[in-house]
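Letters A, B, ... are given to chains in the order of the sequence lines, protein chains preceding strands, and every chain is numbered from 1.
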Amino acid sequence: MENAMGVAGAGAGAGGGAVTTTSADAPSLPPNMTIYINNLNEKIKIDELKKSLNAVFSQFGKILEVLAFKTFKHKGQAWVIFEDVSSASEALKRMQGFPFYEKPMRIQYAKTKSDLIAKADGTFVPRERRKKHDERADRKKREHHHDNNYSGGGLSATHGAYGVTPPLSQLPLGVAKLPEAPAPPNSILFVQNLPTETTPMMLQMLFCQYPGFKEVRMVETKPGIAFVEYGDEMQSTVAMQGLHGFKITPQNPMHVTYAKK
DNA sequence: AGCACA
């Protein structure tokens, strides 16, 4: 609700309070649209890693790209480029230490601006061709197509808009804040707005496609809702991203959130 | 540990 604190105070402890939000070990780089994540599980294949990162982080806002590499120097690290720096800040704060493939994520702001952003800025200078006389800005207004089309495998949800999809760039800046803090991740999902004729079997067919699926629970006395459990929060998050908005009937887009703890 | 632009 009140995210007015922001992260502007890069240095902690304003006013002698024992504010140990970020102790001295946190470098506290200036905010950036891109977050840098390390301590990632290096055994995870790059493709899956990027997909899972996208799934886990897209709750904080539009993600323009997820980058990860398998070269030695870059193992266990990834960059998530958000459309909005406030999304990056929220992601950094809320997902710090999040258990991801058995390892707590370590998140910082990226040290430098991502190329994708620089290209949108017009400040992009290709580093491969570093000839000093090549200062002419090649003003090609090419649209960079960065649609992250992560088909979770299996049914594709017809979610027209998940969560915070409305293009923040088109909203007045003051209003473009995140709607509110998302519910804390939970391995159990809460599904709402189901058509009354929905059966547990129908839900199982949908949700069991996502890894880690354990079970569906429906509440007889309360039609239209269900609980779906996964092995861990990451798996449930992937399923949520995949199925939120899925329409069993045209007038019933599924509403999938984390269950309350 | 390691900050890239597959």
Q: Apply side-chain hydrogen bond (donor to acceptor under 3.5 Å, both in side chains) to the pair A:Tyr230 and A:Thr237, showing each step before the final yes or no.
A: CA-CA 9 Å; A:Tyr230 285 84; A:Thr237 302; over 6 Å; no
How long is the line joining [atom1] of [X] and [atom2] of [N], in whole Å?
X        : N     : atom1 : atom2 : value
A:Phe82  : B:dA4 : CZ    : P     : 20 Å
A:His74  : B:dA6 : NE2   : P     : 12 Å
A:Ile107 : B:dA1 : CD1   : P     : 18 Å
A:Trp79  : B:dC5 : CH2   : P     : 8 Å
A:Phe124 : B:dA4 : CZ    : C1'   : 11 Å
A:Ile46  : B:dC5 : CD1   : P     : 13 Å
A:Arg127 : B:dA4 : CZ    : P     : 8 Å
A:Phe72  : B:dA4 : CZ    : P     : 15 Å

Q) For A:Ala68 and A:Ala110, take the nucleotide of DNA chain B holding the closest heavy atom to each; which residue's nucleotide lies nearer the 5' end? A)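 Here A:Ala110 is the residue nearer the 5' end.
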Q) Does any N or O donor sit under 3.5 Å from an N or O acceptor when you compare the side chain of A:Glu65 with the base of B:dC5? A)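 Result: no qualifying N/O pair found.
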(Q) Taking donor-acceptor contacts at under 3.5 Å, does the side chain of A:Thr71 reach the base of B:dA4? (A) no
Taking the minimum atom-to-atom distance to the side chain of [X], which one of [options] wins?
X       : options             : result
A:Asn38 : B:dC3, B:dG2, B:dC5 : B:dG2
A:Glu42 : B:dC3, B:dC5, B:dA1 : B:dA1
A:Tyr36 : B:dC5, B:dG2, B:dA1 : B:dG2

Q | A:Lys103 and A:Asn39: side chain donor to acceptor below 3.5 Å | A |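 Judged by distance alone, the side chains do pair up.
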Q. When you check the side-chain N and O atoms of A:Ser114 and A:Glu65, is any donor under 3.5 Å from an acceptor?
A. no
Q. Got A:Phe207 and A:Leu189 here, is their nearest side-chain heavy-atom distance under 4.5 Å?
A.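 Yes. Closest side-chain heavy atoms under 4.5 Å.
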Q: Under 4.0 Å between any heavy atoms, over every strand shown, what does A:Lys75 touch: base, sugar-phosphate, or nothing? Just pick one.
A: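 The residue A:Lys75 makes base contact.
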(Q) OP1 or OP2 of B:dA4 versus the side-chain N and O atoms of A:Lys73: is any pair under 4.0 Å? (A) yes
Q: Flag as yes if A:Phe69 stacks onto the base of B:dA4 (centroids under 5.5 Å, planes under 30°), otherwise no.
A: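 No, A:Phe69 does not stack on the base of B:dA4.
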Q: For the pair A:His74 and A:Trp79, name the ring-plane relationship: parallel under 30°, tilted 30 to 60°, perpendicular over 60°.
A: perpendicular
